[in-house]
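Step one of this worksheet: look at the structure below.
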2 protein chains.
Amino acid sequence: MNTLSYGLLSLLTKNSRSGYELMQHIQPFWSAKHSQIYPLLAQLEQKGHVAFVHVLQSDKPDKKVYSITEQGKDALRGWIAEPTDEPVTRDELALKMYCIGLVDKEQARNMLAVREVYYRKKKERFNTLMDKLQQGSEKPLDQLEIGDDAFGMYVLVHKATMKVDTDLYWCEWMKEKLK
Amino acid sequence: MNTLSYGLLSLLTKNSRSGYELMQHIQPFWSAKHSQIYPLLAQLEQKGHVAFVHVLQSDKPDKKVYSITEQGKDALRGWIAEPTDEPVTRDELALKMYCIGLVDKEQARNMLAVREVYYRKKKERFNTLMDKLQQGSEKPLDQLEIGDDAFGMYVLVHKATMKVDTDLYWCEWMKEKLK
DNA sequence: TGTTTATATGTCAATAATGACATAAAGGAG
DNA sequence: CTCCTTTATGTCATTATTGACATATAAACA
């Protein structure tokens, strides 16, 4: 089983979700298209790690809501105990910046500006996520502990926020360099 | 042509390098194994974007040193002008942290400690890179401009350093949470 | 002298991931 | 009533990436 499969199981420890919802919720932390997720869910179901029920909706198309099984939780615990892969980042803009001297300042500034917009939108989304998290929690978020249900999501959104802030700082710094 | 191919061309705008050296130099910014790089270099050579010469070495095995051609530089400029893909990050530890409540604090702390060592080593490597960059430059690094040869490498190493510092801050923050 | 490590280049099968194609229900805008 | 968007699920061909296999030179170490 690949990492994304375990990632899907991870999400399902908190809520039962459809494939479509899983896609939306995992994407901020692990980019994956629906065409990868649906086949993996079918695999997980065959192995008995998840089970699903058809849920009929009147306002939207019907969906298949997946839940993690006890067997799935066992698999998850086994995965967590194993050595963790190193993180992988692939940023095309970084490669372009390496040889940015090939183009003029104006074009370089423009590339940075596009990326900055992307980061700002991303930051907004994480802020929204954090707000929603606070609304669903009795405790203030900074008092959440490892046992609390929202702890995992909280530390991830915090990490993501720190990262996007750093990315924005770098953009600002670059703008100065390209003045 | 894929992004990695352009990344290799980017590196070759600064120095002629062997496939092995290209692998070592691109990995901090775009993870790729030699088994991906060698075939791409062969492709680039066939297309006339790079050319190579055999270089005989007495202390080490002989190598093929690649240089970018004018045609290759044109291809690069075309690539830079195109819209840039969004960055992709895949961090298995983040997925594990989402459901960290499945294991005890001790195990969680241990996972963080392993990752912290990884980040510290990475930070060391970027510090070394920055030192080497300064040694090879007449100007102080913070006075480099877009036209300078070392500018691209400088801004990338700066970005990487900012990122790894943020990652280390997050590790420290997590350690507090898991006390 | 044998062993390990780093350098160096390559192929190939398997896996991971994307993009295109396909379908369909429901809501909203015009 | 038609078009567009969102939700929803799926398949399949192609591309990207990895891991295993393969070979070879040279230094360092025991």
Side-chain angles (χ1 to χ4, degrees), chain A residues 1-8 16-27 29-47 50-66 79 82-92 95, chain B residues 1-8 11 16-27 29-47 50-66 79 82-92 95 125:
Chain A
M1 277 211 322
N2 64 18
T3 307
L4 179 55
S5 299
Y6 288 110
L8 296 171
S16 294
R17 292 191 189 281
S18 68
Y20 191 80
E21 289 168 335
L22 284 167
M23 177 190 66
Q24 291 180 311
H25 283 83
I26 208 164
Q27 273 177 348
F29 309 110
W30 190 281
S31 58
K33 316 283 173 183
H34 74 274
S35 52
Q36 197 183 6
I37 289 172
Y38 288 124
L40 289 181
L41 282 171
Q43 272 181 41
L44 287 168
E45 199 265 339
Q46 271 205 324
K47 285 180 184 160
V50 299
F52 70 87
V53 286
H54 281 282
V55 171
L56 307 178
Q57 298 184 115
S58 54
D59 55 335
K60 282 179 253 178
D62 303 341
K63 58 184 177 179
K64 289 163 77 173
V65 172
Y66 290 87
W79 167 64
E82 272 170 44
T84 304
D85 284 345
E86 294 177 356
V88 170
T89 307
R90 290 199 175 90
D91 183 355
E92 191 175 29
L95 296 183
Chain B
M1 272 208 329
N2 62 20
T3 307
L4 180 54
S5 299
Y6 289 111
L8 296 171
L11 291 204
S16 294
R17 292 191 189 282
S18 67
Y20 192 81
E21 288 167 337
L22 283 168
M23 175 189 68
Q24 291 179 312
H25 284 83
I26 208 165
Q27 274 177 347
F29 309 110
W30 190 281
S31 59
K33 316 283 174 183
H34 75 274
S35 53
Q36 196 183 5
I37 290 172
Y38 289 125
L40 290 181
L41 283 171
Q43 270 182 42
L44 288 168
E45 199 265 339
Q46 270 205 324
K47 284 180 186 159
V50 299
F52 70 87
V53 287
H54 281 282
V55 171
L56 307 178
Q57 299 185 114
S58 53
D59 56 335
K60 281 179 254 181
D62 302 342
K63 60 184 176 181
K64 289 163 77 172
V65 172
Y66 290 85
W79 166 64
E82 273 171 44
T84 304
D85 285 344
E86 294 177 354
V88 170
T89 307
R90 290 198 176 90
D91 184 354
E92 191 175 28
L95 297 183
R125 284 198 296 274

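Numbers restart at 1 for each chain; the letters A, B, ... are given by sequence-line order, proteins then strands.
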What integer distance in Å separates A:K33:NZ from D:dA16:C1'? 14 Å
The criterion is side chain to side chain contact (heavy atoms under 4.5 Å, CB included); which residues satisfy it with B:E45, sequence neighbours excluded? B:V50, B:F52
Under the side chain to side chain contact (heavy atoms under 4.5 Å, CB included) rule, collect the residues that match up with B:K60, sequence neighbours excluded. B:Q57
Over how many whole Å does the gap from A:Y38 atom OH to D:dT7 atom P extend? 11 Å
Listed by chain and number, what are the salt bridge (Lys or Arg N to Asp or Glu O under 4.0 Å) partners of A:E21, not counting sequence neighbours? A:K63
Presence of A:N2 side-chain N/O under 4.0 Å of C:dT15 phosphate oxygens OP1/OP2: no
Under 4.0 Å from OP1 or OP2 of D:dT17: is there any side-chain N or O of A:R90 that close? yes
Please state whether the phosphate of C:dA6, meaning OP1 or OP2, lies under 4.0 angstrom from any side-chain nitrogen or oxygen of B:Q24. no
Side chain to side chain contact (heavy atoms under 4.5 Å, CB included) filter on A:P61, not counting sequence neighbours, yields none
Tell me every residue that passes ring pair (Phe, Tyr, Trp, His ring centres under 6.0 Å) with B:Y38, counting only those two or more places apart in sequence or in another chain. B:H34
To the nearest 10 degrees, the angle between the two end axes of the helix from C:dT1-D:dA30 to C:dG30-D:dC1 (five pairs per end) comes to 30°
Could you list the residues that satisfy side-chain hydrogen bond (donor to acceptor under 3.5 Å, both in side chains) with B:T84, not counting sequence neighbours? A:K96
Using a cut-off of under 3.5 Å, enumerate the N/O to N/O pairs linking the protein to nucleotides 21-28 of chain D.
{"from": "D:dA26", "atom 1": "O3'", "to": "B:D59", "atom 2": "O", "distance (Å)": "2.9"}

Who pairs with A:W30 by ring pair (Phe, Tyr, Trp, His ring centres under 6.0 Å), at least two apart in sequence or on another chain? none
Are B:Q36 and D:dA16 close enough that a side-chain N or O sits under 4.0 Å from OP1 or OP2? no
